[in-house]
Asks: 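My structure is below; once you've seen it, I'll send some questions.
Numbers here are sequence positions counted from 1.
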Amino acid sequence: MTDLNRLTIAGARDGLRKGDFTSAELTEACLDAIEQAGALNAYCHKTPEKAREMAVAADSRIAAGDAPAMCGIPLGIKDLFCTRDVPSQAASRILEGFLPPYESTVTQNLWDAGAVMLGKLSMDEFAMGSSNESACYGPVVNPWKVDDRQLTPGGSSGGSAAAVAADLCLAATGTDTGGSIRQPAAFTGTVGLKPTYGRVSRWGVIAFASSLDQAGPMTKTVRDAAIMLGAMASVDPKDSTSAERPIPDYEAALTGDIRGRRIGIPREYRMDGMSDEIDALWNKAAEMLRDAGAEVVDVSLPHTKYALPAYYVIAPAEASSNLARYDGVRYGHRARLEAGDGVVEMYERSRAEGFGPEVQRRVMIGTYVLSAGFYDAYYNRARKVRALIKRDFDQVFADGIDAILTPATPSAAFGLGEMSGKDPVEMYLNDVFTVTVNLAGLPGISVPVGLDRQGLPLGMQLIGRPWDEGNLLNLAQSLESAAGFTAKPSRWW
């Protein structure tokens, strides 16, 4: 029973229903794995007693025949989700000690479905980063390793990706503002789904950039992503951006039949400096989909080259607005004041001590682009570019394309510390293939397809039509099946 933590959601669901094991046993296997994996630093707040209580309750539901698909499944929760009476601090010192008196809609949906919370997972501070090195808890380490070189699991959902890849949970929640689910999934050989904006409630998720943020599942397989999305998604009156659309049965959409589907290959994504391995894998993935019966055609997304600069104007602008509420008054870190200090000094010192360098950088950029005299030159222009990027996608889908295939990242996972001290723009380039999806509000999924010459996982991204996650998941499962990716990191921790 000690390997139960290696199960998928689908495998665990079936085993629980047949009585092969209990949720309590499944949860204990995950808790044991977590204790043995301290070197990965994936969990920032563990909740073993809560997990055991929830597992016992889940077993009672299963015994009574009331077992939704996620019932009894142990999960890790990204530290960006507010969880009642459990520390929720977005990996930032400014929210140290914050215990929400409420539950985010996503996590409440999961608990209502009988899922079990193992604890909170580390991340880049306020979800701002691509390497999980900006967390106040210290960096998360990728379970994949090359020689003695420690690698990033990606970001910002790096703790979630590392925990899923190392079997420290059966699945995890993530959030994606510019690629923060899909990039770490690609770096760790896992599946990461960013749903259509509005499909999953943002209520109770600590905000980074409100028009871009979207929660989604991080799992071991595409089927698991379909199952978990069905539990996470809901129409939520507490979130004004939640779409009033029915939630389909995503698992039922996994028919395996993609004959006649049209897959677009955007010529603008073949960028200078992209590795030969990524390019070769992209061509191989396209061939896999073609062999499965899809038609693969070239398409054009002409405004792609403006996506990264537009994103890094819009996202920091929204962040500077959202993070203005953290001032050390009602909760979180408050600086020690000196004689004669007033409220302004308290604000300044609390924020300077509470926010890390990357958050400070983005807040300052955002404040600058929203300031008088620069609003039109930067922020309004970026919003217009965003509209053009969305129009590109709308045109491609109007021409009969069902999904778009691209790389998920420009490289495999890089070493921890390798980007520190360099121009921050080099780090931002990790989002080059993913930010367009957030700007256009589309669903996107990263699927592991192969290994590079160092033996590290590489992922491919499929971008779908808005609200068409079922078709996107079916295509992703077809790619997953053809790729046959079963590699796991060697256990060194």
Side-chain angles (χ1 to χ4, degrees), residues 31 34-35 38 40-54 75-108 110-111 117-129 132-140 155-160 163 172-175 202-208 210 213 215 319-338 341-360 362-363:
L31 291 173
I34 292 167
E35 287 307 308
L40 298 181
N41 199 31
Y43 280 85
C44 51
H45 302 290
K46 302 169 190 172
T47 57
E49 294 312 312
K50 189 177 185 70
R52 292 181 178 113
E53 290 173 8
M54 296 175 81
L75 303 177
I77 304 299
K78 186 177 179 178
D79 198 30
L80 208 63
F81 292 81
C82 288
T83 43
R84 186 184 292 109
D85 298 328
V86 176
S88 305
Q89 63 183 90
S92 179
R93 191 182 176 205
I94 197 116
L95 279 172
E96 194 170 14
F98 176 51
L99 298 175
Y102 55 87
E103 194 81 37
S104 77
T105 297
V106 164
T107 50
Q108 188 62 60
L110 291 167
W111 310 151
M117 182 169 75
L118 297 167
K120 304 299 282 292
L121 293 161
S122 189
M123 51 178 279
D124 279 295
E125 184 182 7
F126 277 100
M128 298 181 197
N132 224 131
E133 293 174 281
S134 66
C136 67
Y137 317 114
V140 175
S156 64
S157 306
S160 299
T173 62
T175 64
R202 293 185 300 108
W203 195 86
V205 180
I206 298 169
F208 165 13
S210 300
D213 299 342
S320 72
S321 177
N322 279 325
L323 271 60
R325 72 193 70 174
Y326 304 112
D327 52 20
V329 175
R330 295 191 61 185
Y331 51 79
H333 175 72
R334 181 185 294 191
R336 181 173 296 175
L337 301 183
E338 299 175 1
D341 283 346
V343 69
V344 173
E345 288 79 12
M346 185 195 70
Y347 289 161
E348 290 176 348
R349 198 168 299 153
S350 296
R351 289 166 66 82
E353 293 175 6
F355 291 140
E358 182 60 31
V359 173
Q360 291 183 28
R362 297 201 196 192
V363 167

Asks: Answer yes or no: is there a donor N or O on one side and an acceptor on the other, between the side chain of E133 and the main chain of P139, under 3.5 Å?
Replies: no
Asks: Name all residues meeting the side-chain hydrogen bond (donor to acceptor under 3.5 Å, both in side chains) criterion together with Q360; count only those two or more places apart in sequence or in a different chain, and write none if there are none.
Replies: none
Asks: Answer yes or no: is there a side-chain heavy-atom contact under 4.5 Å between P87 and K120?
Replies: no
Asks: Ignoring hydrogens and angles, tell me if any N or O in the side chain of E345 forms a donor-acceptor pair with the backbone of G342 under 3.5 Å.
Replies: yes
Asks: Kindly compute the distance separating NE2 (H45) from NZ (K50), expressed to the nearest 0.5 Å.
Replies: 14.0 Å
Asks: Determine the interplanar angle of the F126 and Y326 rings, folded into 0 to 90°, and report it as parallel if under 30°, tilted if 30 to 60°, perpendicular if over 60°.
Replies: tilted
Asks: NE2/H333 to CG/L95 distance, rounded to the nearest 0.5 angstrom?
Replies: 11.5 Å
Asks: Got a sec, which residues hit side chain to side chain contact (heavy atoms under 4.5 Å, CB included) with E338, two or more places apart in sequence or on another chain?
Replies: D341, R349
Asks: Do you know the tightest heavy-atom contact between S92 and G354?
Replies: OG-O, 3.3 Å
Asks: If we ignore hydrogens and angles and just use 3.5 Å, is the side chain of S350 paired with the main-chain N or O of A335 as donor and acceptor?
Replies: yes
Asks: For K46, enumerate each residue passing the salt bridge (charged side-chain N to carboxylate O under 4.0 Å, His left out) test, keeping only those at least two apart in sequence or located in another chain.
Replies: E35
Asks: Please answer whether the main-chain N or O of V86 pairs with a side-chain N or O of S88 as donor and acceptor at a distance below 3.5 Å.
Replies: yes
Asks: Could you measure the distance from the CD atom of E348 to the CD atom of E353? Nearest 0.5 Å is fine.
Replies: 12.0 Å
Asks: Compare all side-chain heavy atoms of T83 with those of S104 and state whether any distance is below 4.5 angstrom.
Replies: no
Asks: For E125, is there any backbone N or O sitting under 3.5 Å from a side-chain donor or acceptor partner on S134?
Replies: yes
Asks: Considering only NZ, NE, NH1 and NH2 on the basic side and carboxylate oxygens on the acidic side, decide whether R52 and E49 come within less than 4.0 Å.
Replies: yes
Asks: May I ask you to decide if A215's main-chain N or O and R202's side chain share a donor-acceptor pair within less than 3.5 Å?
Replies: no
Asks: Let's go through Q89 and C44 carefully: what are the C-alpha distance in whole Å and the side-chain angles of both, what is the deciding distance for side-chain contact (heavy atoms from CB on, under 4.5 Å) to 0.1 Å, and is it a yes or a no?
Replies: CA-CA 10 Å; Q89 63 183 90; C44 51; over 6 Å; no
Asks: Taking F208's backbone N and O only, do any of them form a donor-acceptor pair with D213's side chain (distance below 3.5 Å, no angle check)?
Replies: yes
Asks: Kindly say whether G159 contributes a backbone atom to a donor-acceptor pair with the side chain of S122 at under 3.5 angstrom?
Replies: no
Asks: Would you give the length of the straight line joining atom OG1 of T47 to atom CG of D85, rounded to the nearest 0.5 angstrom?
Replies: 12.0 Å
Asks: For the CD1 atom of I34 and the CG atom of L118, what is their distance to the nearest 0.5 Å?
Replies: 4.5 Å
Asks: Nearest heavy-atom pair of L80 and A90: which atoms, and what distance?
Replies: CD1-CB, 3.7 Å
Asks: Test your reading of the model: is there a side-chain donor-acceptor pair from D79 to the backbone of M123, 3.5 Å cut-off?
Replies: no
Asks: May I ask you to test the L323-V359 pair for a side-chain heavy-atom distance under 4.5 Å?
Replies: yes
Asks: Heavy atoms only: give me the nearest G76-Y43 pair and the separation to one decimal.
Replies: CA-OH, 3.9 Å
Asks: Working to the nearest 0.5 Å, report the span between CZ of F81 and OG1 of T173.
Replies: 4.0 Å
Asks: To check you understand the geometry: which heavy-atom pair defines the closest contact between K78 and S156, and what is its length?
Replies: NZ-OG, 2.8 Å
Asks: Could you check whether any side-chain N or O of D124 sits under 3.5 Å from a backbone N or O of S157, counting only pairs where one atom can act as donor and the other as acceptor?
Replies: no
Asks: If you compare all heavy atoms of Y102 against all heavy atoms of G204, which two are closest, and at what distance to 0.1 Å?
Replies: CE1-CA, 4.3 Å
